[in-house]
Amino acid sequence: MEYSNQLEAKSAELTRTARQLRAANEKLTQMSVQKDAFLSQISHELRTPMTSIRAFSEILRDGGLDDAALAKYAGIIHDEAIRLTRLLDDLLDLSVLENGQVSLNERVGKIGDVLNQAVAAAGIENSRLRVVRSKVREDLMIYTDLDRLSQVFINLISNALKYCDAARPRLEVSIRDLGDTLAIDFIDNGSGIPMASQDVIFEKFSRVGSDQAAGGAGLGLAICREIMHRLGGTVSYLPGQGGGAFRVILPVTVVRSGR
Ligand code: ADP
């Protein structure tokens, strides 16, 4: 009797182990498929700028161009090389963030200063984008990785610049103190994102419709999501606002003396 009980227990254990092995195998297959898809997306993204660099450098090499054409083609090569560098920087940043290898540099600062710095760095100075700040608690002190938070703001502001109404470009930013969290909203007056795409845009390489013309590789929001995750907060799409609208939630390890 004892022996048959032992046999039964062993058999149950073997069944369990077999099930675990099958699950691990399925997971590995799934990871391998994801890795292949990722590599093929990367190759595609790298190929586009590389093809132009190759084509235009061949034209330069063949010579016989006047100064204007020379400057034009050299300019294209330069722009494509910058795009390539940005793409590689973003890929590296995303991979470091995803693997949790990034160390945070947390310090105390004013939320208003982080926003000012992001507005200045978002490349809007030569644009007509009007940044309207409402309900912004400029003086609120926060304790977080201010540079990483600024990176999220810069991404959202430069997206607003790319996708807002070109005739009357406008972005409204608000910061509200919700007690345990801060809600920072970025709402532009562009055409926004269709309901069906509102979740996917945070995935790597996702772009909506024909936005490839805007030149991005679809990594910006994926990076924002990873950063906010590391900062203990979130970034999400805010539906029903008319234009493109994003909400950043930051947990408040706020230094309350700023109140
Ligand atoms: P990209 O570098 O292509 O802009 P992102 O990850 O920042 O990549 O954005 C992904 C996609 O989400 C964009 O290609 C665009 O289709 C859409 N998107 C992002 N921000 C906005 C916005 N403010 N308004 C409309 N669409 C947006």
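One is the number of the first residue; the rest follow in order along the sequence. Counting starts at 1 for both ligands and their atoms, following the listed order. Since the model is a prediction, treat every value here as computed from it, not as a measurement.
Those atoms of ligand 1 with a heavy atom of L219 less than 4.0 angstrom away are 6 (O), 8 (O). Atom numbering of ligand 1 starts at 1 in the shown order; those under 4.0 Å from a heavy atom of V208 are 16 (O). Listed by atom number, the atoms of ligand 1 under 4.0 Å from K162 heavy atoms are 1 (P), 2 (O), 4 (O). In the vicinity of S206, heavy-atom distances shorter than 4.0 Å reach the ligand 1 atoms 10 (C), 11 (C). Residue G218 has at least one heavy-atom neighbour below 4.0 Å for each of these atoms of ligand 1: 1 (P), 2 (O), 3 (O), 6 (O), 8 (O).
Judged as a side-chain hydrogen bond (donor to acceptor under 3.5 Å, both in side chains), and not counting sequence neighbours, T85 has no contacts.
Across L171, N189, I193, I201, heavy-atom proximity to atom 18 (N) of ligand 1 is greatest for I193.
Under 4.0 Å from ligand 1, the heavy atoms of A217 that appear belong solely to its backbone.
When only interatomic distances are considered, the shortest N/O to N/O separation between D188 and ligand 1 falls below 3.5 Å. The shortest N/O to N/O separation between G220 and ligand 1 falls below 3.5 Å.
The shortest heavy-atom contact between G109 and L146 is CA-CD1, 3.8 Å.
A ring-ring contact (aromatic ring centres under 6.0 Å, His included) check over residues 47-73, counting only residues at least two apart or in different chains, returns the pairs F56-Y73.
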